[in-house]
Amino acid sequence: MSNDSFLLRHVHLATFVPELADYGLLPDAALWVQDGHIAWLGAEQDLPAGLPDCPEQDGQGAWLTPGLIDCHTHLVYGGNRAHEFELRLQGARYEEIARAGGGIRSTVQHTRAADEATLLQSALRRLDDLLAEGVTTVEIKSGYGLSRDDEARMLRVAGQLAQARAVSVQRTCLAAHALPPEFAGDADGYIDAICQWLPQWHAEGLVDAVDAFCENIGFSPAQTERLFQCAQQLGLPVKLHAEQLSNQGGAALVARYHGLSADHLEWLSASGIEAMAQQGTVAVLLPGAFYYLRETRLPPIDALRAAGVPMAVATDCNPGTSPMTSLLLALNMACTLFRLTPAEALAGATREAARALGLLHDRGTLEVGKRADLALWAIHHPRELVYTLGARPLLQRWVAGQAS
């Protein structure tokens, strides 16, 4: 029997299967993992006889959830932007800093100057913080290289993280993050360049999805659509930084291309919500950036909820607007700032985060046949994961049945 097969007994399960409502609770349960996947789960008293011989572990009444999923991060980058934090405290706005050469362009300079080993080591420190809080899958965007070679280097480093740690990494090409100095005043030319680079990155297996920053300080809807058309021809799914600082119609645009997610969404319109609902595009909420930028316009949570749009929650870990490496803190912020329920927030970092990455068939809930990405917690109820600040109640983590 392989070492990714075991029987976990005397646990309470928060399955996040929607048919069971809220957290999808199954108290006093057991779960059998075989060959890295969930082979059986249910009440302890219903444990079937004659299971194949495999190691047993006593959960001692702890709570088991799916491994957490951080579905929007920028973990790989060089330098930091602590000086911009000071500028914002003095009254400077994000757009002003960006237009003066700060913001994303500042991180581009530091990222280009850093070698691959330096980028890997700094990203590992941030990743380790996430893993200590039960994360088993993380999405990592490029977007701080903004050249063919530097973007590819970022994507390679993101892949190396999955070799260095027990974690599943999804790589997203965000080359359309900002306009690099080489293309100053020529955004259309830069989009053309990305469309030339993308097939090679895809052929090398560096890209799982394509993203863009559709904003008045980023790229226009027309430019974004050209990038989406390129991605579509390659069979790559798309997602979008949409409606963070203004309403550019990005949510409706990404929905029209059957996008996995639209992220941020503070300026999301009713038509954008309707388009997302029709296509099943996930709303990825990023309360860390909302908090850090001291925004006051909330995403339209009630309208999203009423329309049945799935809502995920992520850290948006990045050096400028959300230098956060705690997904549990992001969940608390989603509740305190955006008024999600604890069950909604936790579903947003499991089931709906998996949906936002196109991985719901494989993970995000505790169900027979899914990958055994699991997190065991020393808590009395799943709501405690959202309630506490600074606590790390993780007891054990499994990735595809492998303990780590």
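- Rounding to the nearest 0.5 Å places CD of Glu84 at 5.0 Å from CD1 of Ile97.
- A donor-acceptor pair under 3.5 Å links the side-chain atoms of Thr281 to the main chain of Gly259, judged by distance alone.
- At a threshold of 4.0 Å, the pair Glu204-Arg156 does not count as salt-bridged, since none of the basic side-chain nitrogens sits closer than that to a carboxylate oxygen.
- Between the Gln121 side chain and the Thr118 main chain, no donor and acceptor come within less than 3.5 Å of each other.
- Across Pro52 and Trp32, no two heavy atoms sit closer than the pair CD-CZ2, 3.4 Å.
- A donor-acceptor pair shorter than 3.5 Å can be found between the side chains of Thr65 and Trp377.
- The minimum heavy-atom distance linking Gly143 with Val108 is given by the pair O-CG2, 4.4 Å.
- The backbone N or O of His380 lies less than 3.5 Å from a partner atom in the side chain of Trp63, making a donor-acceptor pair.
- Across all their heavy atoms, Leu394 and Leu131 have their closest contact at CD2-O, 3.6 Å.
- A cation-pi arrangement is present between Arg126 and Tyr77 under the rule of less than 6.0 angstrom and at most 45 degrees off the ring axis.
- Judged purely by distance below 3.5 Å, without hydrogens or angles, the side chains of Arg363 and Ser168 pair a donor atom with an acceptor atom.
- Between the side chains of Asp129 and Thr325, at least one donor-acceptor pair of N or O atoms lies under 3.5 Å.
- Considering CD of Glu215 and OG of Ser246, their distance stands at 3.5 Å, rounded to 0.5 Å.
- For Arg392, the CZ atom counts as densely surrounded, since its 6.0 Å shell holds more than 12 non-hydrogen atoms of other residues, nucleotides or ligands.
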So Leu268 and Met276, side-chain contact (heavy atoms from CB on, under 4.5 Å) or not? Walk me through it.
CA-CA 10 Å; Leu268 179 62; Met276 293 174 66; 4.2 Å; yes
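- Of the possible donor and acceptor atoms, one in the side chain of Arg171 sits under 3.5 Å from a partner among the backbone N and O of Leu155.
- Looking only at distances, a side-chain donor or acceptor of Lys370 sits under 3.5 Å from a matching main-chain atom of Leu360.
- Of the residues listed (Ile194, Leu198, Leu234, Leu240), the one engaging Val210 in a side-chain contact (heavy atoms from CB on, under 4.5 Å) is Leu198, and it is the only one.
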Hey, can you pull the donor-acceptor pairs under 3.5 Å for the side chains in residues 18-25, sequence neighbours left out?
none

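- Judged by distance alone, with hydrogens and angles left aside, the side-chain atoms of Thr388 form no donor-acceptor pair with the main-chain N or O of Ala391 at under 3.5 Å.
- Counted by atom type alone, Thr136 and Arg397 present zero donor-acceptor pairs between their side chains at under 3.5 Å.
- In this structure, NE2 on His72 lies 4.5 Å from NZ on Lys141, to the nearest 0.5 angstrom.
- Using modelled atom types, one finds a donor on one side chain and an acceptor on the other under 3.5 Å when comparing Gln223 with Asp188.
- Smallest separation of non-hydrogen atoms from Leu260 and Lys239: CD1-CE, 4.2 Å.
- Of the possible polar contacts, none joining the His37 side chain to the Val33 backbone as a donor-acceptor pair under 3.5 Å is found.
- With hydrogens and angles left out, the side-chain atoms of Gln233 and Gln229 include no donor and acceptor closer than 3.5 Å.
- Close placement of the His74 and His241 rings is indicated, their centers lying within 6.0 Å of each other.
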Report all side-chain donor-acceptor pairs from residues 286-295 shorter than 3.5 Å, counting only partners two or more places apart or in another chain.
unit_1, atom_1, unit_2, atom_2, d
Arg294, NH2, Arg88, O, 3.1

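- Glu151 pairs by the salt bridge (Lys or Arg N to Asp or Glu O under 4.0 Å) definition with nothing, not counting sequence neighbours.
- Counting only N and O atoms by type, the side chains of Ser147 and Glu182 include no donor and acceptor under 3.5 Å apart.
- Remark: the Thr365 side chain and the Glu367 side chain contain an N/O donor-acceptor pair separated by less than 3.5 Å.
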Side chain to side chain donor-acceptor pair (under 3.5 Å) between Gln279 and Tyr257: does it pass, once the steps are laid out?
CA-CA 9 Å; Gln279 296 298 331; Tyr257 281 82; over 6 Å; no
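- Nearest heavy atoms, Ile273 versus Ala303: CD1-CB, 3.5 Å.
- There is a side-chain donor-acceptor pair under 3.5 Å between Thr315 and Asp70.
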Carefully, step by step, assess Ser5 and Gln34 under the rule side chain to side chain donor-acceptor pair (under 3.5 Å).
CA-CA 4 Å; Ser5 299; Gln34 187 172 35; 5.5 Å; no
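- In this structure, Pro323 and Cys317 have side chains that are not in contact, with every pair of non-hydrogen atoms separated by 4.5 Å or more.
- The backbone N or O of Phe16 lies less than 3.5 Å from a partner atom in the side chain of Arg351, making a donor-acceptor pair.
- In this structure, Glu243 contributes its side chain and Gly249 its backbone to a donor-acceptor pair below 3.5 Å.
- Formation of a donor-acceptor pair under 3.5 Å by the Glu133 side chain with backbone atoms of Leu328 is found in this model.
- Across all non-hydrogen atoms, the minimal contact from Ala400 to Asp4 is O-CB, 3.7 Å.
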